[in-house]
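Below, all heavy atoms of this structure are taken into account, side chains as well, without hydrogens, waters or symmetry copies. Quantities reported herein were computed from a predicted structural model and do not represent experimental measurements. Every chain is numbered from 1, with letters handed out A, B, ... down the list of sequences.
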Number of protein chains: 2
Amino acid sequence: MGVKRPTSFDIAALAGVSQATVSRALSQSPAVSEEVRKRVFEAAQQLNYTVDVNARKLRSKKINTIAVLISEDLDQDNPINPFFVPLLGAILKYAGQKGYDVLTSLQQQSESWSSDYGFARRADGLILLGYKDYDDYVRKAEGLSDIGEPWVVWGLVQPGAGHSVGSDNAQGAYEAVSHLIRLGRRRIAFLGEASSSHPEFRDRYDGYVRALRENGLSIDAGLLADCFISREDGAAAVERLLGCGAVFDAVFATADLPAIGAMQALQKQGRRVPQDVSVIGFDDLWAAACTTPALSTVRQDTTAAARALVDALDRMIANEPVEPVRVPTRLIIRESCGG
Amino acid sequence: MGVKRPTSFDIAALAGVSQATVSRALSQSPAVSEEVRKRVFEAAQQLNYTVDVNARKLRSKKINTIAVLISEDLDQDNPINPFFVPLLGAILKYAGQKGYDVLTSLQQQSESWSSDYGFARRADGLILLGYKDYDDYVRKAEGLSDIGEPWVVWGLVQPGAGHSVGSDNAQGAYEAVSHLIRLGRRRIAFLGEASSSHPEFRDRYDGYVRALRENGLSIDAGLLADCFISREDGAAAVERLLGCGAVFDAVFATADLPAIGAMQALQKQGRRVPQDVSVIGFDDLWAAACTTPALSTVRQDTTAAARALVDALDRMIANEPVEPVRVPTRLIIRESCGG
DNA sequence: TTGTAGGCGTTATCAA
DNA sequence: TTGATAACGCCTACAA
């Protein structure tokens with residue numbers, strides 16, 4: 001209890017060198033002899049010394065910290081997009097390997113990202129996951145760019161915007177829907193939101209359309225069900241479709257949660273999955289393997305995504321040019337689509 | 001780009017006061033007139049000024065940061081105990097409300113917690129989630145206590161150890177098993193690990209035993225299946241039981257994941273859940289509502305847990321006495337246990 | 001290769 | 001209530 005923390009001067013005294021040499025030795029400077037370095041390390045170990053990161057950050061202006069801002073509320077009563085979870089995990093892991101500390105913050109309401117993180121010298125750069133309000137997001141992001149604060153956003157792969165990393169949503173959707181068609185499905189419902197305020201979902205819709213077109217199938221507006229990313233949304237969307245008397249033999253949902261809700265609703269209405277209706281989701285949450293039947297889905301590669309995000313941020317921090325990254329997806333076939 | 005960051009001296013000049021006054025005004029010191037405070041805030045706003053947190057931490061010795069150390073690897077290929085996820089979320093949320101920054105780290109291997117976080121002045125205190133190796137954990141934790149570093153651990157409610165918060169595991173298990181008995185189940189299999197290196201599971205086992213005893217049922221060693229917390233473990237455990245010809249009409253698993261695996265294995269063997277076998281899990285992961293049948297389970301209250309963890313740490317940081325906390329659980333009845 | 005000395009941007013201790 | 005002034009613990013020219 002109450003151990004007084006040693007400083008680099010204490011180490012210097014013990015090792016019989018100057019404080020500056022201690023600093024150099026501990027920060028791996030090449031300009032220090034092997035013999036001295038060893039003495040310094042021993043002294044440090046003996047006194048249980050560790051560099052005070054705050055003094056270091058203040059003096060060196062290198063923060064060595066990444067902030068991950070999640071724009072949703074994450075807890076038991078108010079869960080976030082569960083896809084962010086493995087993504088956050090992968091970011092923590094990879095950033096840690098690269099020597100970054102990671103500060104994670106749930107963005108409750110409109111705070112100012114730039115003053116809270118950039119100007120406050122809390123982090124070298126920001127990774128943004130999710131955006132409740134797209135316009136608000138854009139405004140804040142511009143604020144970041146204005147002050148030259150490095151940031152990367154997940155999901156929106158905009159041509160020209162260097163600071164974005166996302167899955168190849170159109171291609172992933174295209175492959176999923178093509179697979180359904182190959183299985184003989186012809187009337188494929190789309191569960192999702194095609195509004196412009198969520199470009200990722202828009203891209204998935206485009207992939208859906210392309211797959212249909214290339215196979216000579218037309219888009220039936222009666223098979224498009226607006227739906228966001230909760231299980232309840234998916235169930236409600238299916239019930240709406242059935243209520244309107246829509247006829248379909250497959251469902252493609254833009255996320256796993258609504259896909260699961262859709263399966264549950266179908267089964268409640270006596271439709272068999274996959275015999276009567278095939279279902280494919282998007283994300284590959286771990287729970288996709290827990291449903292009955294197990295859910296086929298388009299897997300987003302969170303490990304690759306995390307690497308791309310952190311690497312991009314790294315380069316921006318180092319003032320190097322950055323290209324947008326499109327992470328490939330992979331179709332995971334389980335039981336829910338048959339075949 | 002490259003905007004030069006203003007310092008408190010710039011604010012002082014603009015507001016026509018001394019730098020010290022700026023500091024006092026911005027840190028809500030009572031010793032500053034309303035009129036001056038207002039001028040200072042306006043100047044700060046005008047120059048887009050924010051306190052440099054590193055300088056503040058260095059000088060004040062208050063870090064205002066909590067570190068959450070998760071002793072498991074968290075990503076797509078190597079998922080952690082999914083229960084930690086909403087818990088982490090709730091911690092992020094509550095700690096954020098209390099004004100703490102939260103640093104999260106996946107502990108890959110044996111690092112020294114004390115030097116990395118305490119002595120390095122990275123965080124005021126640590127919250128520990130999970131422990132791969134119990135003995136290693138104990139050793140490191142003792143290292144923390146030796147240097148007077150505040151820390152709280154989730155899960156192990158040890159009498160006497162002030163720094164622990166956990167669910168009331170024994171009571172939760174007791175209620176679940178009692179419910180099964182009330183439903184007429186008599187041969188209740190236990191899926192879990194009763195080893196001493198995981199006291200939480202041990203407590204759940206004790207609850208199981210107490211419920212049986214109080215109802216005049218005896219413990220049948222043939223119904224105890226060793227199993228850790230993955231879905232595969234649960235499925236394997238059930239297959240082992242069936243393979244041995246064990247007869248049972250209910251399964252209580254110490255976590256949701258093995259409970260889900262158990263249900264899948266049972267169904268694959270042609271046993272109906274809940275008609276032939278009732279199943280109850282532990283945790284109430286969100287996926288519990290996605291299975292068929294939906295999984296009954298013992299819910300751990302992550303919101304309350306997060307509050308207890310952060311509050312306890314808070315008090316330890318302030319050098320106040322801390323009691324161990326036992327967070328109540330709640331039995332959630334869905335379809336998998338019948339009735 | 002090492003030492004000296006100055007400063008990073010605050011907060012805290014004095015006087016005034 | 002405010003203003004000088006001295007730390008906080010380290011990094012980094014610059015000089016030796």
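- Formation of a donor-acceptor pair under 3.5 Å by the Arg39(B) side chain with backbone atoms of Ala15(B) is found in this model.
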* Reading nucleotides 9-16 of chain C from the 5' end, what letters show protein touch, with B for base, S for backbone sugar-phosphate only, - for no heavy atom under 4.0 Å? -> BBBBB---
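- With hydrogens and angles disregarded, no donor-acceptor distance shorter than 3.5 Å links the side chain of Asp101(A) to the backbone of Thr65(A).
- Contact of the Leu313(B) side chain with the Tyr100(B) side chain is not registered, since no non-hydrogen atoms from C-beta on lie closer than 4.5 Å.
- In this structure a side-chain-to-backbone donor-acceptor pair under 3.5 Å is missing from Asp301(A) to Val327(A).
- Put simply, the side chain of Arg37(B) gets close to the backbone of Ser29(B): a donor and an acceptor are under 3.5 Å apart.
- In this structure, Asn64(B) and Lys57(B) have side chains that are not in contact, with every pair of non-hydrogen atoms separated by 4.5 Å or more.
- Atom CG in Asn64(A) sits roughly 15 Å away from atom C1' in dC10(D) (whole-Å rounding).
- Among the atoms of the strands shown, none is found under 4.0 Å from any heavy atom of Val53(B).
- The side-chain heavy atoms of Leu87(A) and Trp154(A), taken from C-beta on, include a pair separated by under 4.5 Å.
- Salt-bridge check for Glu34(A) with Lys38(A): failed, with every basic side-chain N at 4.0 Å or more from each acidic carboxylate O.
- Comparing the local axis fitted to the first five base pairs of the helix from dT1(C)-dA16(D) to dA16(C)-dT1(D) with the one fitted to its last five gives a bend of 30°, rounded to 10°.
- Thr21(A) has a side-chain polar atom (N or O) that falls below the 4.0 Å cut-off from OP1 or OP2 of dG3(C).
- Distance CZ (Arg39(A)) to C1' (dT2(C)): 11 Å, rounded to an integer number of Å.
- Between Glu34(B) atom CD and dT2(D) atom C1' there is a gap of 15 Å when expressed in whole angstrom units.
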